[in-house]
Amino acid sequence: MAAASAVPLREAVAALAVADESRDGYQRDKFRHWTDADRDGCSTRAEVLIDEAAVAPEVGPKCALAGGLWYSSYDDEYVSDARGVDIDHMVPLAEAWDSGASAWTATRREAYANDLDSPPALIAVTARSNRSKADQDPSTWLPPYAAAQCGYITDWVSVKTRWGLTVDNNEKAVLVEKAAHCSNVPIVVGIA
């Protein structure tokens, strides 16, 4: 991974390359996900649940989680059962495919799907909000909790930049418009 650099949000949005998207050939299983890269017995999903818990769960044998509490920024809710929490790929796998991942190796797609090195890449949210988002980009879906939208846009741009993913015209227009109403905070991105 290249050294991280800080770029103001609006500059990062402007730098995103625009390209047409294509879903041709996409299959979710082309992104091997929820692996156990560090071989500690916990999958990527469990690692995110542990890292993002507002109240830490107990971690039992085979990384079974009990108890815990999670905050879902998409809808401003707390969830007290890990089964009610989904791990959202900030930029969904299908959207990544459309935006350049179709040309990647299987190894790079696996690294993307399990990216624990960049906190915005994977986020614990309510199952309901994750499923309502599905594979949409910000031109058709934003978190229902309005106060979370600037953070969401910032995280979206961070992930797209980190992985060298493109945006389509509608997506770019919405990112430019939304970023204009958000703090022009520097985003720190380490290129994958």
Side-chain angles (χ1 to χ4, degrees), residues 9 12-13 26 28-29 31-37 42-59 63-99 101 109-163 165 167 171 174-175 178-179 181-183 185 187-190 192:
L9 173 61
V13 170
Y26 171 73
R28 187 172 174 83
D29 64 4
F31 290 82
R32 187 168 172 245
H33 55 288
W34 306 157
T35 61
D36 180 9
C42 293
S43 70
T44 300
R45 173 185 157 67
E47 298 275 9
V48 174
L49 286 169
I50 293 165
D51 289 347
E52 293 198 1
V55 174
E58 291 181 27
V59 181
C63 203
L65 304 181
L69 185 69
W70 292 268
Y71 175 70
S72 173
S73 63
Y74 290 179
D75 39 18
D76 192 32
E77 289 185 21
Y78 284 91
V79 180
S80 60
D81 184 346
R83 291 174 297 191
V85 177
D86 278 0
I87 305 306
D88 180 39
H89 288 92
M90 176 56 62
V91 174
L93 301 179
E95 171 67 20
W97 179 270
D98 298 351
S99 304
R109 285 194 293 270
E110 180 178 337
Y112 176 83
N114 296 280
D115 188 2
L116 292 171
D117 293 329
S118 176
L122 300 167
I123 182 171
V125 295
T126 61
R128 179 183 64 257
S129 65
N130 186 47
R131 291 167 194 171
S132 98
K133 174 184 172 181
D135 60 7
Q136 299 177 81
D137 71 37
S139 69
T140 55
W141 190 91
L142 288 168
Y145 181 49
Q149 291 180 3
C150 282
Y152 182 82
I153 292 296
T154 301
D155 291 347
W156 183 275
V157 172
S158 295
V159 173
K160 285 269 180 154
T161 301
R162 173 174 167 72
W163 289 92
L165 296 170
V167 293
E171 181 183 354
V174 167
L175 291 171
K178 291 292 184 184
H181 299 286
C182 296
S183 296
V185 296
I187 59 172
V188 178
V189 178

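When every heavy atom of Trp163 is checked against every heavy atom of Ala111, the shortest pair comes out as CH2-C, 3.8 Å. In terms of heavy atoms, Leu49 sits closest to Ala82 at CD1-CB, 4.2 Å. Of all heavy-atom pairs between Asn130 and Ile87, the closest is ND2-O, 4.4 Å. Residues Cys42 and Asp36 come closest through the heavy atom pair O-OD1, 3.0 Å. When all heavy atoms of Leu93 and Tyr26 are compared, the pair lying nearest together is CB-OH, 3.7 Å. The nearest pair of heavy atoms linking Tyr112 to Val91 is OH-O, 2.5 Å.
For Ala53, the side-chain contact (heavy atoms from CB on, under 4.5 Å) test picks out Pro57, Trp70, with sequence neighbours left out. Considering only residues two or more places apart in sequence or on other chains, Ala127 meets the side-chain contact (heavy atoms from CB on, under 4.5 Å) condition with Asp86, Arg131.
When each of Asp117, Val157, Val188, Ile187 is paired with Arg162, the side-chain contact (heavy atoms from CB on, under 4.5 Å) condition holds for Asp117 and for no other.
Annotation: side-chain hydrogen bond (donor to acceptor under 3.5 Å, both in side chains) contacts involving residues 44-55, sequence neighbours excluded, comprise Thr44-Asn114. The list of salt bridge (Lys or Arg N to Asp or Glu O under 4.0 Å) pairs with a residue in residues 135-145, not counting sequence neighbours, reads Arg23-Asp135. For the side-chain hydrogen bond (donor to acceptor under 3.5 Å, both in side chains) condition, the pairs that include at least one residue of residues 141-154, sequence neighbours left out, are Ser132-Trp141, Lys133-Tyr152. Pairs passing the disulfide bond (SG atoms under 2.5 Å apart) check and including a residue from residues 123-158, sequence neighbours excluded, read Cys150-Cys182.
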**Request:** Run the numbers on Leu122 and Asp88 for side chain to side chain contact (heavy atoms under 4.5 Å, CB included), then give the verdict.
**Result:** CA-CA 6 Å; Leu122 300 167; Asp88 180 39; over 6 Å; no

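Using a 4.5 Å heavy-atom cutoff, the side chains of Val79 and Leu69 are not in contact. A 4.5 Å side-chain heavy-atom check between Arg109 and Trp97 finds at least one atom pair inside the cut-off. In this structure the side chain of Pro138 never reaches within 4.5 angstrom of the side chain of Lys178, judged on heavy atoms. Contact check for Tyr71 versus Asp76: side-chain heavy atoms found under the 4.5 Å cut-off. Looking at Ser72 and Ser129, their side chains come closer than 4.5 Å, going by heavy atoms from C-beta outward. For the pair Trp156/Val174, no side-chain contact is recorded, criterion being any heavy-atom separation below 4.5 Å from C-beta on. Contact annotation: the side chain of Ser73 approaches that of Ile123 to within less than 4.5 Å [non-hydrogen atoms, C-beta and beyond].
Using bins of under 30°, 30° to 60° and over 60° for the plane-to-plane angle, the ring pair His89/Trp34 lands in the parallel bin.
Separating the OG1 atom in Thr35 from the CD atom in Glu110 is a distance of 5.0 Å, to the nearest 0.5 Å. Atom CG of Leu142 is separated from atom CD1 of Ile153 by 5.0 Å, given to the nearest 0.5 angstrom.
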